[in-house]
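These notes concern the structure reproduced below.
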Amino acid sequence: MGEIFLQTKGITKKFGDVVAVNNVDFTVRLGEIQGLIGENGSGKSTISSMICGIHSITSGEIILKGEPYKPSDPGAARKHGIGMIVQEAGTVDYLTIAENIFLGEEKRFSKFGLLNKAAMEAEAEKAIREIGLELDVSRPAAAYNFETRKLVEIAKALYYKPELFIVDETTTALSQDGREKIHAIMKKLAAEGKAVLFISHDLPELMEICDCLTVLRDGNLIATIEKSEFSEDFIKQKMVGRKIEGNYYRADFDPSHGEQVAIRVDGVNAGILKDIDLEVHSGEIVGIGGLSGSGIHELGRLLFGMEKITSGSVTAYSPRQLTRKEKTAVYGARLKNLVLMTGDKIKKLFKKTTENGETVQTKLNVTELAEYKIRSIRDALAASIGYISKDRDKETLILQGSIRDNLCLSAIRQLEIFGVVPSSSERQFSKDRVEEFRIKCSSINQDVRELSGGNKQKVSFAKWIGNKSHILVFDSPTRGVDVGVKTTMYQLLYELKKKGYAIVIISEELAELIGMSDRILIMKDGSITKEFTRSSELRDSDIIDYMI
């Protein structure tokens with residue numbers, strides 16, 4: 001075993017009445033890659049944040065190289081040889097790449113109060129070249145995609161030559177090429193006698209890269225497992241406290257779907273997307289795969305009206321919206337407890353006078369389909385399209401908002417009565433979604449930014465599925481989600497498919513696409529290059545050649 005670099009003794013963290021980390025003792029050794037694993041909300045990110053000075057310690061202590069260690073902020077941690085890549089976005093959009101790398105360290109390039117910008121940019125270029133990147137460091141971070149920004153964070157952390165390098169879920173945001181880069185970096189650091197603490201939910205990745213695994217559950221340390229003991233089923237059981245049987249993907253290999261087309265893309269050119277044609281039917285899961293930069297993420301944005309179309313069209317077919325007159329009739333009847341709402345059907349029979357003066361009963365039909373041309377997010381919302389972005393924190397959630405606000409924002413049409421959303425309806429809707437999706441939180445009023453990555457993703461799922469979006473476009477839907485929650489999400493997606501929802505899954509995880517999709521479309525250089533149909537014989541190796 002390597003020399004001890006850091007120890008925690010009885011370390012505890014409370015957020016109000018919620019105990020996030022409970023009396024944890026664990027050790028980090030030099031020359032090792034140590035995995036830190038557990039279900040969402042188990043305390044992994046909280047422990048790493050305390051080590052890096054992002055969160056203060058409620059009780060207990062950290063010992064660094066035999067001395068008490070109390071970092072006041074990430075800058076202090078960096079001076080003690082600790083660098084961390086956070087799970088979510090760690091760059092500031094409006095700052096340049098150089099300014100992001102040296103944020104808080106500008107003094108090293110200043111003289112007499114003047115910043116030597118050229119010297120800063122030269123040093124930033126040196127930092128990014130160290131990890132094999134070539135970027136214009138004078139451009140703002142917002143000019144680059146999510147993966148590139150994560151690689152910039154890695155370059156920043158490594159620039160300061162950390163003795164302990166903490167990687168919190170970063171690989172889930174990277175393509176296969178990006179993952180291989182960071183794996184190589186971690187192995188190199190361990191070979192040089194440095195320590196690596198690696199947080200991930202990808203068990204095969206952890207088992208391949210790590211020398212040992214420390215398992216957390218509900219804020220408690222459960223076990224530290226040495227490499228000789230690695231077994232996927234054993235690790236899963238330690239994580240969730242029960243045995244998880246079999247595969248959590250779909251058990252069937254029937255590539256089925258309904259007759260109705262839910263969304264159609266005809267000859268679209270938009271940005272890097274070229275001549276895109278595709279159809280997704282009701283009751284169908286279509287997987288979109290490809291390398292980073294192939295256009296898969298831009299295609300997701302296109303389906304939600306976020307990409308400007310230069311030619312072609314995107315058309316959705318969804319249950320029509322009620323007219324104002326129909327809404328008034330329904331809401332008036334609802335106030336008198338005369339309407340039973342179940343799903344999309346309104347069971348109340350309305351009176352109608354025929355041409356000859358007879359009064360008959362007619363059912364209000366809100367299940368008939370309407371055609372929507374998708375040119376904007378407003379169009380997508382009207383067409384009942386729900387979208388989860390890979391860059392969840394910027395494009396799906398309002399981090400400073402509460403769980404309640406995030407959930408209700410997408411369901412305003414569903415909750416409003418005469419243009420007003422009653423607080424009681426908001427509370428009940430939010431509580432139902434939190435319970436349904438088992439979102440771990442102190443209350444529905446807790447800010448989303450305070451949740452773990454997996455619980456943020458549950459909020460993302462809940463806001464669109466809870467508002468009955470019939471077309472779901474999910475980009476990297478299980479990013480940062482543990483094996484137990486993945487099982488639940490995959491089961492939910494399959495149930496929605498059987499109910500007639502049209503689902504698009506965009507993912508760089510081929511196992512996920514093969515396991516869940518009726519059809520898989522592979523993209524390269526902005527175009528769809530190949531289609532695969534669901535089959536028990538389909539393997540990663542059959543697909544990869546069409547991606548590269």
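Owing to the predicted nature of the structure, the values given are computational and were not obtained by experimental measurement.
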For this session: Determine, step by step, whether Leu189 and Leu158 satisfy the side-chain contact (heavy atoms from CB on, under 4.5 Å) criterion, reporting the C-alpha distance in whole Å, the side-chain angles of both residues, the deciding distance to 0.1 Å, and the verdict.
Result: CA-CA 10 Å; Leu189 288 171; Leu158 294 179; 3.9 Å; yes
Distance-minimising heavy-atom pair for [X] and [Y]:
X: Ser294; Y: Ile272; answer: C-CD1, 4.4 Å
X: Arg217; Y: Ile222; answer: CB-CG1, 3.5 Å
X: Phe165; Y: Ala157; answer: CE1-CB, 3.8 Å
X: Ser138; Y: Glu121; answer: CB-OE2, 3.5 Å
X: Val286; Y: Ser517; answer: C-OG, 4.2 Å
X: Gln34; Y: Cys210; answer: C-SG, 4.2 Å

[X] and [Y]: side chain donor to acceptor below 3.5 Å:
X: Thr529; Y: Lys524; answer: no
X: Ser527; Y: Asp525; answer: no
X: Lys463; Y: Thr396; answer: no

Quick check for you: to the nearest 0.5 Å, what is the distance between [X] atom [atom1] and [Y] atom [atom2]?
X: Met84; Y: Cys52; atom1: CE; atom2: SG; answer: 5.0 Å
X: Lys126; Y: Ile101; atom1: NZ; atom2: CD1; answer: 12.5 Å
X: Ser200; Y: Glu205; atom1: OG; atom2: CD; answer: 4.0 Å
X: Ser228; Y: Asp211; atom1: OG; atom2: CG; answer: 11.5 Å
X: Thr214; Y: Phe198; atom1: OG1; atom2: CZ; answer: 14.0 Å
X: Trp464; Y: Ile388; atom1: CH2; atom2: CD1; answer: 9.0 Å

Exercise. Going through the checks in order, is the ring-ring contact (aromatic ring centres under 6.0 Å, His included) test met by Phe474 and Phe461?
Worked result: CA-CA 9 Å; Phe474 288 169; Phe461 261 66; 4.8 Å; yes
For this session: Go through the steps to decide whether Lys456 and Val448 satisfy the test side-chain contact (heavy atoms from CB on, under 4.5 Å), and finish with yes or no.
Result: CA-CA 7 Å; Lys456 286 179 184 174; Val448 168; 4.1 Å; yes
Any donor-acceptor pair under 3.5 Å linking the side chain of [X] with the backbone of [Y]?
X: Thr310; Y: Asn269; value: yes
X: Lys227; Y: Met207; value: yes
X: Ser48; Y: Ser45; value: yes
X: Arg534; Y: Asp252; value: yes
X: Asn406; Y: Ile398; value: yes
X: Ser469; Y: Ile465; value: no
X: Gln457; Y: Pro477; value: yes
X: Thr96; Y: Glu99; value: yes
X: Asp266; Y: Ser313; value: no
X: Arg264; Y: Leu278; value: no

Is there side-chain contact between [X] and [Y], with at least one heavy-atom pair below 4.5 Å?
X: Leu493; Y: Tyr501; value: no
X: Leu151; Y: Leu135; value: no
X: Ile166; Y: Ile85; value: no
X: Val504; Y: Leu299; value: no
X: Leu273; Y: Met523; value: yes
X: Arg375; Y: Lys373; value: yes
X: Glu284; Y: Ile503; value: no
X: Ser282; Y: His470; value: no

For this session: Kindly state whether the ring of Tyr494 and the ring of Tyr249 have centres lying under 6.0 angstrom apart.
Result: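 When the ring centroids of Tyr494 and Tyr249 are compared, they turn out to be at least 6.0 Å apart.
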Problem set entry | Pair Tyr159 and Phe102, ring centroids less than 6.0 Å apart |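 Between Phe102 and Tyr159, which both carry aromatic rings, the centre distance is below 6.0 Å.
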I'd like to know if [X] and [Y] make a salt bridge, using a cut-off of under 4.0 Å between side-chain N and carboxylate O.
X: Lys156; Y: Glu153; value: no
X: Arg179; Y: Asp202; value: yes
X: Arg519; Y: Glu531; value: yes
X: Glu134; Y: Arg129; value: no
X: Glu495; Y: Lys499; value: no
X: Lys530; Y: Asp542; value: no
X: Glu32; Y: Arg29; value: no
X: Arg250; Y: Asp518; value: yes

For this session: Go through the steps for Thr478 and Glu512 under the test side-chain hydrogen bond (donor to acceptor under 3.5 Å, both in side chains), then give the verdict.
Result: CA-CA 9 Å; Thr478 58; Glu512 183 168 71; 2.5 Å; yes
For this session: Show your reasoning for whether side-chain contact (heavy atoms from CB on, under 4.5 Å) applies to Val265 and Asp277.
Result: CA-CA 5 Å; Val265 181; Asp277 292 295; over 6 Å; no
Problem set entry | Step-by-step side-chain contact (heavy atoms from CB on, under 4.5 Å) determination, Cys212 to Ile225 | CA-CA 6 Å; Cys212 64; Ile225 306 170; over 6 Å; no
Exercise. Passes salt bridge (Lys or Arg N to Asp or Glu O under 4.0 Å), Glu436 versus Arg433? Steps please.
Worked result: CA-CA 5 Å; Glu436 179 183 358; Arg433 301 291 81 73; 3.1 Å; yes
Exercise. Between Tyr144 and Arg149, is there a cation-pi geometry (under 6.0 Å to ring centre, at most 45° from the normal)?
Worked result: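 Arg149 over Tyr144 ring: no.
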For this session: Given ring-ring contact (aromatic ring centres under 6.0 Å, His included), test Tyr546 with Phe532 step by step and report yes or no.
Result: CA-CA 11 Å; Tyr546 295 93; Phe532 294 90; 5.7 Å; yes
Problem set entry | Residue Lys308 excluded, over 12 heavy atoms near NZ under 6.0 Å |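 Atom NZ in Lys308 is not crowded, with 12 or fewer foreign heavy atoms closer than 6.0 Å.
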Exercise. Pick one: which of Arg392, Arg301, His297, Lys390 meets side-chain hydrogen bond (donor to acceptor under 3.5 Å, both in side chains) with Asp475?
Worked result: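 So the option named by the test is His297.
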